[in-house]
K.L.:
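Mind looking over this structure? Questions follow.
Quick note: residue numbers are just sequence positions, from 1.
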Amino acid sequence: MSTTQQVSQVGTNAIPGAIGVSFLFVTALSTYGVRVWTRVRPTFQLSTIDYIITAALLCEVIVLACLFKAIDLGLGNPMSTISPVTLVLINKYLFPLGLFAFWASSLARMSIGGMLLRFEISKAWKVILWIAIAIQIAMPIAADIFMLLQCRPIRAMWEPVPDAVCWSPGKSQSFGYIYSVVGVTSDLVFSIMPMFFIWTLHRPTIERALVSALMALGLLAAVAGIFKVYYIKFWDPRNTATLRDWMPLFWWYRVEEIGLIAASCAPFVKPLMARILGRFGAPAFRFATIRLNTVEGSEEPSYDASKNKSQQAVHVRGDAV
């Protein structure tokens, strides 16, 4: 049998994660399709944030292609079943996976941040959002530089090289912990912050609750980030004998990235959800109309302009709540 021939998948620990991530990716891809459809029909309205999330999706497609190819070659199988030549091939696919994966999550967060900047918010909130977006630009750049500097020569990342100089496993894991903690914090910020803005809108309560629930998909990314922090302890890039133990870490990274892409596209699913809810008798979503009593001038002695102004009643149409 050729050393590059695909090994049997018996005993692999990759299958459960592959099923779950595949289902999640199909969900995210569906929400992205709805987003693009609503942005080009009936008029073309694609903007910068739409192109950003498209770039995030393309990065994720590359990441999944590399990961599934590595699994096809034997990633997740017992190391005793993987030949040295096949191991080199697996590591070669894992290298671009890391480079593009960092961008997938950060671009998705940037798309969410750009969407939030379109709300009528205070200058302070806008400054906070721009700082958060700037951090997302810096994170993948720093991560890619980290990957490119880990070993000299760089090919020592995927194959044995005599006299190669690489960072210690402790230093690599420390960077992984720092990056994951910053990522979890960012996920919480970009999943919770939209709710503050959404509930200030003059929209029906059920509509605001629906959009908040859709945006809360970002919390799934935060949960995945917490699991990442736990599984980083199994990641030792200098010891390929532990490669099988990295599988859960690979999957939780994918859950975070795909969850962020879905969260960025989820608000555009609202019209479809509104039609579905309408079939079950839910009221149609519309702007909450605020009616102010008018003040008309009068010479009658009973008229007190200042008192009337202070007591103007504000009524919200009941059918819009």
Side-chain angles (χ1 to χ4, degrees), residues 18-65 100-101 103-119 129 133 136 186-187 190-199 201-224 254-287:
I19 295 173
V21 167
S22 297
F23 174 79
L24 185 60
F25 181 72
V26 170
T27 301
L29 192 61
S30 300
T31 59
Y32 172 79
V34 173
R35 173 177 182 156
V36 172
W37 178 260
T38 58
R39 298 291 285 169
V40 300
R41 302 274 299 183
T43 59
F44 189 88
Q45 298 178 351
L46 291 179
S47 62
T48 302
I49 59 174
D50 299 306
Y51 293 117
I52 290 176
I53 196 61
T54 299
L57 183 63
L58 290 176
C59 288
E60 189 61 28
V61 169
I62 295 173
V63 167
L64 290 176
F100 284 96
W103 283 101
S105 55
S106 289
L107 287 171
R109 295 188 193 106
M110 289 165 58
S111 179
I112 296 173
M115 187 165 47
L116 296 179
L117 285 171
R118 297 189 172 189
F119 283 86
L129 280 172
I133 292 173
Q136 297 312 308
S186 300
D187 294 338
F190 284 106
S191 60
I192 296 177
M193 189 182 296
M195 299 180 190
F196 288 100
F197 302 150
I198 291 169
W199 284 93
L201 301 176
H202 295 296
R203 304 293 295 182
T205 301
I206 188 173
E207 181 178 2
R208 287 178 290 173
L210 174 60
V211 177
S212 296
L214 292 171
M215 291 295 295
L217 284 171
L219 292 175
L220 175 64
V223 172
R254 307 295 79 80
V255 171
E256 179 186 40
E257 296 150 9
I258 299 172
L260 287 167
I261 293 173
S264 178
C265 299
F268 297 89
V269 183
K270 188 203 70 176
L272 177 62
M273 295 297 296
R275 288 194 292 270
I276 295 175
L277 291 175
R279 294 182 179 179
F280 290 93
F285 294 162
R286 57 174 63 89
F287 283 106

K.L.:
Could you state the interatomic distance from CZ (Arg109) to CD1 (Ile261), rounded to the nearest 0.5 Å?
P.N.:
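Nearest 0.5 Å value for the CZ-CD1 distance: 11.0 Å.
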
K.L.:
Does atom OH (Tyr51) have a neighbourhood of more than 12 heavy atoms from anything else shown, all under 6.0 Å?
P.N.:
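Yes, the 6.0 Å shell around OH holds more than 12 heavy atoms from other groups.
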
K.L.:
Among all residues two or more places apart in sequence or in another chain, which pass the side chain to side chain donor-acceptor pair (under 3.5 Å) test with Arg118?
P.N.:
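Arg118: side chain to side chain donor-acceptor pair (under 3.5 Å) contacts with Ser47.
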
K.L.:
Counting only heavy atoms not in Phe100, do more than 12 fall under 6.0 Å of its CZ?
P.N.:
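12 or below, so no.
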
K.L.:
Measuring from atom CD of Glu60 to atom CG of Leu29, what distance do you get when rounded to the nearest 0.5 angstrom?
P.N.:
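Here the interatomic distance stands at 11.0 Å.
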
K.L.:
Measure the CD1-OG distance between Ile133 and Ser111 for me, rounded to the nearest 0.5 Å.
P.N.:
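With rounding to 0.5 Å, CD1 (Ile133) is 9.5 Å from OG (Ser111).
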
K.L.:
side-chain contact (heavy atoms from CB on, under 4.5 Å) between Val26 and Ser22: does it pass, once the steps are laid out?
P.N.:
CA-CA 6 Å; Val26 170; Ser22 297; 5.6 Å; no

K.L.:
Of all heavy-atom pairs between Phe190 and Gly113, which one has the smallest distance, and what is that distance?
P.N.:
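So the minimum-distance heavy-atom pair works out to CE2-CA, 3.7 Å.
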
K.L.:
For side-chain contact (heavy atoms from CB on, under 4.5 Å), just list the numbers for Ile49 and Leu117, CA-CA rounded to whole Å, side-chain angles, deciding distance to a tenth of an Å, and then say yes or no.
P.N.:
CA-CA 11 Å; Ile49 59 174; Leu117 285 171; over 6 Å; no

K.L.:
First locate atom CG of Leu107, then atom CD of Gln136, and finally report the distance between them rounded to the nearest 0.5 Å.
P.N.:
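If I round to the nearest 0.5 Å, the distance is 9.5 Å.
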
K.L.:
So, for Ala56 and Ala108, which heavy atoms are closest and what is the spacing to 0.1 Å?
P.N.:
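Scanning both residues, the minimum pair turns out to be CB-N, 3.8 Å.
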
K.L.:
Is the closest side-chain donor-acceptor distance between Tyr32 and Thr54 under 3.5 Å?
P.N.:
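A pair is found: one side chain offers a donor N or O, the other an acceptor, under 3.5 Å apart.
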
K.L.:
What distance do Leu24 atom CG and Glu257 atom CD have between them, rounded to the nearest 0.5 Å?
P.N.:
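With rounding to 0.5 Å, CG (Leu24) is 10.5 Å from CD (Glu257).
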
K.L.:
Pair Thr27, Ile258 - check side-chain contact (heavy atoms from CB on, under 4.5 Å), show working.
P.N.:
CA-CA 9 Å; Thr27 301; Ile258 299 172; over 6 Å; no

K.L.:
Nearest 0.5 angstrom please: Arg35 CZ to Ser30 OG, how far?
P.N.:
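Going from CZ on Arg35 over to OG on Ser30, the span is 15.0 Å.
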
K.L.:
Could you walk me through whether Val36 and Phe268 pass the side-chain contact (heavy atoms from CB on, under 4.5 Å) check?
P.N.:
CA-CA 9 Å; Val36 172; Phe268 297 89; over 6 Å; no

